[in-house]
Amino acid sequence: MTPILVEDPAIGRAHALTDFVAQSEEASMKKNLAIPDDLYDVEPAEHGGDEGSSSSHVGGADDALGLYLKQMGAIPLLNREKELNLATRLEKARLRYRRAVLFCWWSQQRLVGVFERIKDGTMPIDPQIDVVHSLKLDRDTITKRLPHNLRTLNKLLSTASKDFSVFQRTRTPKGRARIQRQRLRSIRKAIKLMEELSPRTELLDAMADEFGRMMHQVRELERKANQTGRSASAREQQRRAVKDLRNLTHEVLATSDEMHRL
């Protein structure tokens, strides 16, 4: 998935193209397959010779192309208003997805590491960013932003680690609410700075998949931590699960409830 700005919002044509590819592959595998003339709603041609010689010219990629053109022509085009509406909806969905992945210090840490290697020259920048000219996100602009944005992001990461430790130790509702507001302000600022670097959507997809696998680990640790047993081995397993869960939350800089909501 590379959800850049919509270049062709006529979604119906994309479905027709998919059908065309499928038809082409099927035609190449079955060269002797004949598609009847009535599939195209045309009158059959009159043949003076035998039927065998005429059927030898039917089938193949030309028929698949004709079917594609027939289907494409039957799909009504979007007018300007519908195109703009669809493009706006797709862009909002893309932005919401990207911000959802970035709304986590665990994701921010990994992306900062990627862009640090880019800044140091040990990793090429082009495969790691999405260029969107309409949003002024081009290679040169992102390269110029790297030093300042990374410097600020590293400071925010350091502050986020301290804030999370304070949040874990605070017990009063008023104190936790105050720290939580500070944490939200920091992560929103980090999201804005990271969006200015335009990390490639494939990077975010990979992190979303990894986060999903990590959540399976969190659920398993929670299950073991909540188990009760009288034997020494059961108590030791429970103690180890509680410790591992605490270490994992400090690595992600989010509580287990926050991780579940993410």
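Computation of the quantities below employed the complete heavy-atom set of this structure, encompassing side-chain atoms and omitting hydrogens, waters and symmetry-equivalent molecules.
Checked by atom type and distance alone, the side chain of Ser198 pairs as donor or acceptor with a backbone atom of Asp130 at under 3.5 Å. A donor-acceptor distance shorter than 3.5 angstrom exists from the side chain of Thr170 to the backbone of Val166, with no hydrogens or angles considered. Here the side chain of Arg176 pairs no donor or acceptor atom with the backbone of Arg171 at under 3.5 angstrom.
Between Ala225 and Gln238 the shortest heavy-atom distance is O-NE2, 2.9 Å. When every heavy atom of Leu262 is checked against every heavy atom of Ala100, the shortest pair comes out as CD2-O, 4.4 Å. Minimum heavy-atom separation, Phe103 to Leu184: CZ-CD2, 3.8 Å. Between Asp163 and Ile179, the closest heavy-atom pair is O-CG2, 3.5 Å.
His260 NE2: more than 12 foreign heavy atoms inside a 6.0 Å radius. Atom CZ of Arg80 has 12 or fewer heavy atoms from other residues, nucleotides or ligands within 6.0 Å.
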Q. Given Asp140 and Thr143, is the side chain to side chain donor-acceptor pair (under 3.5 Å) satisfied, shown in steps?
A. CA-CA 5 Å; Asp140 293 336; Thr143 302; 5.3 Å; no
(Q) Let's go through Gln217 and Asp244 carefully: what are the C-alpha distance in whole Å and the side-chain angles of both, what is the deciding distance for side chain to side chain donor-acceptor pair (under 3.5 Å) to 0.1 Å, and is it a yes or a no? (A) CA-CA 10 Å; Gln217 181 182 358; Asp244 291 342; over 6 Å; no
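A donor-acceptor contact closer than 3.5 angstrom links the side chains of Gln180 and Arg183. Between the side chains of Thr88 and Asn85, no donor-acceptor pair is found at a separation under 3.5 Å. In the model, Gln182 has a side-chain atom that pairs as donor or acceptor with a side-chain atom of Arg185 under 3.5 Å. Inspection of the Asp63 and Tyr68 side chains reveals no N or O donor paired with an N or O acceptor under 3.5 Å.
Atoms CZ and OG, from Arg240 and Ser233 in turn, are 9.5 Å apart once rounded to the nearest 0.5 Å.
Following chains of ILVMFWY side-chain contacts shorter than 4.5 Å, one can reach Met123 starting from Met194, so the two form part of one hydrophobic cluster.
For the pair Phe211/Val218, no side-chain contact is recorded, criterion being any heavy-atom separation below 4.5 Å from C-beta on. Contact check for Glu116 versus Leu146: no side-chain heavy atoms found under the 4.5 Å cut-off.
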